[in-house]
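Computation of the quantities below employed the complete heavy-atom set of this structure, encompassing side-chain atoms and omitting hydrogens, waters and symmetry-equivalent molecules.
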Amino acid sequence: AQLKAVNEDGSAKGIVGHLPRNGDSFQTWMSLAVVNDDLGEPLGVVAIARDLTEKLKAEQVLRTNLEFLRTLLDTIPSPVFYKDNRLIFRGCNAEYAKRVIGKPVEQIVGTRVEDHSDAVPSHLAAFFNARENQLLEEGGAQVFESQIQCADDEVRNFLFNVAAYC
């Protein structure tokens with residue numbers, strides 16, 4: 001019933017729900033095509049179905065794990081952020097977003113530290129970029145202390161523990 005629409009080329013594809021007699025419903029990705037004879041008259045239909053049960057279970061586990069990690073990250077009382085190898089923020093906790101940058105997490109993810117010149121002075125952005133580039137080149141971990149002017153204009157001392165992951 002879900003594949004009612006057959007395209008002009010005589011094919012259709014999409015997710016189809018199944019309910020066998022045992023009552024254990026499941027979904028498949030189904031692709032079907034009408035097979036025609038030499039005169040273009042339909043002879044039958046060829047259908048290929050791929051069971052999505054394991055894929056959907058894996059996606060649910062992944063969503064649950066990501067939700068858990070987001071909750072865990074946001075319960076850490078210290079500012080935490082992470083970047084990719086191009087020094088683009090890929091995530092941060094609410095404490096980092098609020099206290100250090102003064103913006104919502106959504107306005108930080110996908111940006112670089114220098115994109116926040118209203119919150120991070122250019123000399124400090126350059127300092128962090130240099131340290132992080134060094135870390136990416138050499139690997140390992142770095143521990144250092146630095147003063148940061150936070151979003152509330154108060155200067156605080158922070159102990160940074162930085163490691164490369166790739």
Taking salt bridge (Lys or Arg N to Asp or Glu O under 4.0 Å) as the test, write out the residues that go with Asp74, two or more places apart. Arg70
Would Asp153 and Gln149 count as having a side-chain donor-acceptor pair, cut-off 3.5 Å? yes
Distance under 6.0 Å and angle within 45° of the ring axis: does Arg131 meet both against Phe144? yes
Other residues, nucleotides and ligands only: do more than 12 of their heavy atoms fall within 6.0 Å of NZ on Lys98? no
Donor-acceptor pair, Asn93 side chain versus Leu73 backbone, under 3.5 Å? yes
Distance-only donor-acceptor hits, side chain of residues 32-42, under 3.5 Å, sequence neighbours excluded:
residue, atom, partner, partner atom, Å
Asp37, OD1, Leu39, N, 2.9
Asp37, OD1, Gly40, N, 3.0
Asp37, OD1, Glu41, N, 2.8

Tell me, do Met30 and Ile48 make a side-chain contact under 4.5 Å, heavy atoms counted? no
If you define the side chain from C-beta out and look only at heavy atoms, does anything of Phe26 sit under 4.5 Å from Val16? no
Counting C-beta onward and ignoring hydrogens, is there a side-chain heavy-atom pair between Phe127 and Pro121 closer than 4.5 Å? no
Mark yes when over 12 heavy atoms from residues, nucleotides or ligands other than Arg63 sit less than 6.0 Å from its CZ; otherwise mark no. yes
Any link between Val109 and Phe128 through a network of hydrophobic side chains (Ile, Leu, Val, Met, Phe, Trp, Tyr) touching at under 4.5 Å? no
Charged N to carboxylate O under 4.0 angstrom, Asp152 versus Arg99? no
Treat each ILVMFWY residue as a node, draw an edge where side-chain heavy atoms are under 4.5 Å apart, and state whether Ile76 and Tyr96 are in one component. no
Scanning both residues in full, the closest heavy-atom pair of Leu19 with Ser25 reads CD1-CB, 3.9 Å
I'd like to know whether Trp29 forms a side-chain contact (heavy atoms from CB on, under 4.5 Å) with Asp51, so could you lay out the CA-CA distance, the side-chain angles of the two residues, the decisive distance to 0.1 Å, and finally the verdict. CA-CA 7 Å; Trp29 174 261; Asp51 188 346; over 6 Å; no
Donor-acceptor side-chain pairing of Asn129 and Glu114 below 3.5 angstrom: yes
Mind checking whether His116 and Thr111 have side chains closer than 4.5 Å, heavy atoms only? yes
Say whether Glu67 and Thr71, considering side chains only, have a donor N or O and an acceptor N or O under 3.5 Å apart. no
Are Val105 and Phe89 connected into the same hydrophobic cluster when the rule is that any two of I, L, V, M, F, W, Y join if their side-chain heavy atoms are below 4.5 Å apart? no
Could you tell me which non-hydrogen atom of Gly140 sits nearest to which non-hydrogen atom of Leu135, and how far apart they are? O-CD1, 3.5 Å
Validation: residues 77-84 side-chain donor-acceptor distances under 3.5 Å, sequence neighbours left out:
residue, atom, partner, partner atom, Å
Lys83, NZ, Glu132, OE1, 2.9
Lys83, NZ, Glu132, OE2, 3.3
Asp84, OD1, Arg86, N, 2.8
Asp84, OD1, Leu87, N, 3.2
Asp84, OD1, Ile88, N, 3.0
Asp84, OD2, Arg90, NE, 3.0
Asp84, OD2, Arg90, NH2, 3.0

Measuring only between side-chain heavy atoms, which start at C-beta, is Gln134 closer than 4.5 Å to Gln142? yes
Please check this pair: side chain of Asn133 against backbone of Ala130, looking for a donor-acceptor N/O pair closer than 3.5 Å. no
Salt-bridge contact Lys55-Glu59 (side-chain N to carboxylate O under 4.0 Å): yes
Side-chain touch Gln27/Thr53, heavy atoms, less than 4.5 angstrom: no
Do the side chains of Leu124 and Ser146 get nearer than 4.5 Å, heavy atoms only? yes
Please report the shortest heavy-atom distance between Pro104 and Ala97, naming the atom on each side. C-CB, 4.2 Å
For residues Ile148 and Arg156, determine if any side-chain heavy atom of one lies less than 4.5 Å from a side-chain heavy atom of the other. no
Distance col, row Leu69:CG vs Asn65:CG, nearest 0.5 angstrom, shows 6.5 Å
